[in-house]
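Notes to accompany the following structure.
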Amino acid sequence: MNARKALQGVRVLELGTLVAAPFAGKIFAEFGAEVIKVEPPESGDPLRNWRAMHHDTSVWWYVQARNKKSITVDMRMEEGQEIIRSLAREVDIVIENFRPGTLEKWGLGYEVLSGINPGLIMVRISGYGQTGPYRGKPGFGSVAEAIGGLRYLTGFPDRPPVRVGIAIGDLTAGLYAVIGALMALHARSRSPEGKGQLVDVALYEAVFSLLEGVLPEYDLKGVVRERTGSALPGIAPSNTYLCDDGKYVVIGANGDSIFKRLMHAIGRSDLAEDPRYATNQGRVEDAAFIDQVIEEWTKRHPLQEVQRRLDEAAVPVGPIYSIEEIVGDEHYRARNMLEEIRLPDGETVLFPGVVPKLSETPGGHEWVGPRLGEHNEEILKGLLRLDDAALARLKEKKAI
């Protein structure tokens, strides 16, 4: 590593598979933590075989597991469980996303692991959390998006609810997992005993937390927010508009002074100075009319011209990018958000850059997602001090 990274010296044991816990682990790894990813022997994390493949490995895997170390452990076996307990003594954080009760069944619950390492921070991601009547139900991000209220709000009012085109529930939970772990690390650093704690992240709660003022609006006013398509309720103008060349542009002019600049830019100075539209509340009452006025103007110009004029007027505006257009954007490249990475076979591929940008201890890419069990010897011999004979016995039993 060149520059010192923010989480250098932190060691993380990642027990989860697929999306939520591994996404959290990815962020830790990008910022310098040593992330030891535990995978089932032979099969590995199912994500290795999801979506677009490069030879025999998913390209998503290469991104999701970058900078991590892969070891194979069968946690259903007593020998594998002992390896996990031994590793728990050596790490700061454990991240897992099994159904509640699974790790307890294997003798790897928080009470056991924190008894071994009182400073341990254990981050548990599940569909419904570690408590409550739904705790034992299996939970996927898609279901969490539904029960968390997001799906109800997504789409057009005359059509069934739709999903966002990514695993937004899992990814949001992964972000909360990182936030919670960092809070717990800070609390541990201030604790005289250096005591760790449990971080309980529920997928549905991560989604529910994104719903802005939906709950108090309902409780105080009886308002049930419904699907509104491309518009954002209670904010005007902020919508998607058709341009002359058949492309769409997003314009956000819901700030009072921005609205004035937009109206002057599209030749409607009369509306810019109309006292009815001086505040957002007034504009919301006539949002459909304002959207009609804006689209009448955008339909007379191609997207690039719309963007040029509104950029000059300092009005927030942007095209709706596909990934092809993202790759061609100069700003993405200037911000190192399109990193050219070399795969194990020597072929290069673009990876998304690291977020956020830290001035003194930046994150970065060190290596792509590892081969299954690539770091078995490094971790089991180097960290746990197992000898060759012990490793041979574990391999023979298929515990690793």
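Hydrogens, waters and symmetry mates are skipped; everything else that's a heavy atom, side chains included, is used. Positions are given from 1 along the sequence.
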Task: Backbone of Val59 reached by a side-chain donor or acceptor of Arg51 within 3.5 Å - done: no
Task: Flag, side chain of Thr57 to backbone of His54, donor-acceptor distance under 3.5 Å - done: no
Open item on the list: Taking Pro40's backbone N and O only, do any of them form a donor-acceptor pair with Asp74's side chain (distance below 3.5 Å, no angle check)?
Closed with: no
Task: Whether Thr348 side chain and Glu340 backbone form a donor-acceptor pair below 3.5 Å - done: no
TODO: Decide if atom CZ of Arg76 counts as having more than 12 heavy atoms of other residues, nucleotides or ligands within a radius under 6.0 Å.
DONE: no
Open item on the list: Quick check: closest heavy atoms across Gly252 and Val315, and the distance to 0.1 Å?
Closed with: O-CG1, 4.5 Å
Open item on the list: Can you confirm whether more than 12 heavy atoms, excluding those of Glu305, are under 6.0 Å from its CD atom?
Closed with: yes
With a 3.5 Å cut-off and sequence neighbours excluded, list the donor-acceptor pairs that the side chains of residues 136-148 form with protein atoms.
unit_1: Glu145; atom_1: OE1; unit_2: Arg151; atom_2: NE; d: 3.1
unit_1: Glu145; atom_1: OE1; unit_2: Arg151; atom_2: NH2; d: 3.2
unit_1: Glu145; atom_1: OE2; unit_2: Gly169; atom_2: N; d: 3.1

TODO: Might you point out which heavy atoms bring Ile121 and Gly196 nearest each other, and give the distance in Å?
DONE: CG1-CA, 4.1 Å
- [ ] Starting at NE2 of His301, measure out to CD1 of Ile266 and round the result to the nearest 0.5 Å.
- [x] 9.0 Å
- [ ] Give the intermediate values and the outcome of side-chain contact (heavy atoms from CB on, under 4.5 Å) for residues Ile95 and Leu13.
- [x] CA-CA 6 Å; Ile95 306 175; Leu13 184 63; over 6 Å; no
Open item on the list: Whether Arg335 and Glu330 form a salt bridge (side-chain N of Lys/Arg under 4.0 Å from carboxylate O of Asp/Glu) is what I want to check.
Closed with: no
Please report, to 0.1 Å, the donor-acceptor pairs under 3.5 Å made by any side chain of residues 377-384, with sequence neighbours excluded.
unit_1: Glu378; atom_1: OE2; unit_2: Lys69; atom_2: NZ; d: 2.5
unit_1: Lys381; atom_1: NZ; unit_2: Asp388; atom_2: OD1; d: 2.7

TODO: Output the distance between atom OG (Ser58) and atom CZ (Arg48), rounded to the nearest 0.5 Å.
DONE: 10.0 Å
TODO: Check whether any side-chain N or O of Thr240 sits under 3.5 Å from a backbone N or O of Val250 as a donor-acceptor pair, and report yes or no.
DONE: no
Task: Qualifying salt bridge (Lys or Arg N to Asp or Glu O under 4.0 Å) pairs with a residue from residues 188-202, counting only residues at least two apart or across chains - done: Asp92-Arg188
Task: Derivation of the side-chain contact (heavy atoms from CB on, under 4.5 Å) call for Met75 and Leu108 - done: CA-CA 9 Å; Met75 292 189 288; Leu108 301 174; 4.2 Å; yes
Open item on the list: For the aromatic rings, using the six-membered ring if either is Trp, is the centroid distance between Tyr241 and Trp297 under 6.0 Å?
Closed with: no
Open item on the list: For the CZ atom on Arg300, are there more than 12 heavy atoms of other groups (residues, nucleotides or ligands in this structure) within a distance under 6.0 Å?
Closed with: yes
Open item on the list: With rounding to the nearest 0.5 angstrom, report the CG to CG distance, Asp45 to Leu372.
Closed with: 9.5 Å
Determine all donor-acceptor pairs shorter than 3.5 Å in which one atom belongs to a side chain in residues 391-399; sequence neighbours excluded.
unit_1: Lys397; atom_1: NZ; unit_2: Glu79; atom_2: OE2; d: 2.9

Open item on the list: Heavy-atom count check: over 12 atoms from other residues, nucleotides or ligands less than 6.0 Å from Glu273 CD?
Closed with: yes
TODO: Measure from NZ or CZ of Arg227 to the centre of the six-membered ring of Tyr152 and say whether it is under 6.0 Å with the direction within 45° of the ring axis.
DONE: yes
- [ ] Using atom types as modelled and distance alone, determine if a side-chain donor or acceptor of Ser114 lies under 3.5 Å from a backbone N or O of Asn117.
- [x] no
- [ ] Over 60° means perpendicular and under 30° means parallel, so classify the ring planes of Trp367 and His375, tilted if in between.
- [x] tilted
Which donor-acceptor pairs under 3.5 Å do side chains of residues 211-222 form with protein atoms, sequence neighbours excluded?
unit_1: Glu212; atom_1: OE1; unit_2: Arg225; atom_2: NH1; d: 3.2
unit_1: Glu217; atom_1: OE1; unit_2: Arg225; atom_2: NH2; d: 3.3
unit_1: Glu217; atom_1: OE2; unit_2: Arg225; atom_2: NH2; d: 3.0

- [ ] Give, for atom OG of Ser238 and atom CG of Asn254, the distance between the pair rounded to the nearest 0.5 Å.
- [x] 5.0 Å
TODO: Answer with yes or no whether the side chains of Glu296 and Gln292 bring together a donor and an acceptor at under 3.5 Å.
DONE: yes
Open item on the list: Distance alone, cut at 3.5 Å: any donor-acceptor contact between the side chains of His264 and Ser269?
Closed with: yes
Task: Residues which pass side chain to side chain donor-acceptor pair (under 3.5 Å) with Ser359, listed by chain and number, not counting sequence neighbours - done: none
Task: Parallel, tilted or perpendicular, as decided by the 30° and 60° cut-offs, for the rings of Tyr128 and Tyr134 - done: perpendicular
Open item on the list: One pair to check against salt bridge (Lys or Arg N to Asp or Glu O under 4.0 Å): Glu312 and Arg309. What are the steps and the verdict?
Closed with: CA-CA 5 Å; Glu312 290 176 353; Arg309 291 198 190 187; over 6 Å; no
Open item on the list: Using a 3.5 Å distance criterion without hydrogens, assess whether the side chain of Asn67 forms a donor-acceptor pair with backbone atoms of Lys26.
Closed with: no
Task: Side-chain donor or acceptor of Lys357 paired with backbone N/O of Val354 under 3.5 Å - done: yes
TODO: To the nearest 0.5 Å, tell me how far Leu310 CG sits from Ile258 CD1.
DONE: 11.5 Å
Open item on the list: Checking the side chain of Arg283 only, and the main-chain atoms of Ala236 only, is there a donor and an acceptor separated by less than 3.5 Å?
Closed with: yes
- [ ] Please round to the nearest 0.5 Å and tell me the distance separating atom OG1 of Thr298 and atom CG of Asp245.
- [x] 10.0 Å
- [ ] Output yes when a side-chain donor or acceptor of Glu295 lies under 3.5 Å from a complementary backbone atom of Leu242, and no otherwise.
- [x] yes
Task: Shortest non-hydrogen contact between Ala20 and Leu203, atoms and distance - done: CB-CD2, 4.3 Å
Open item on the list: Within the supplied structure, the quantity of interest is the number of heavy atoms (other residues, nucleotides, ligands) at a distance under 6.0 Å from Met183 CE; does it exceed 12?
Closed with: no
- [ ] Kindly determine whether Glu14 and Lys68 satisfy salt bridge (Lys or Arg N to Asp or Glu O under 4.0 Å), including the steps that lead there.
- [x] CA-CA 9 Å; Glu14 180 190 302; Lys68 297 180 186 179; 2.7 Å; yes
Task: No-hydrogen, no-angle side-chain donor-acceptor test under 3.5 Å, Thr72 and Asn376 - done: yes
- [ ] Look at the rings of Tyr332 and Tyr321 and say which category their plane angle falls in: under 30° parallel, 30 to 60° tilted, over 60° perpendicular.
- [x] tilted
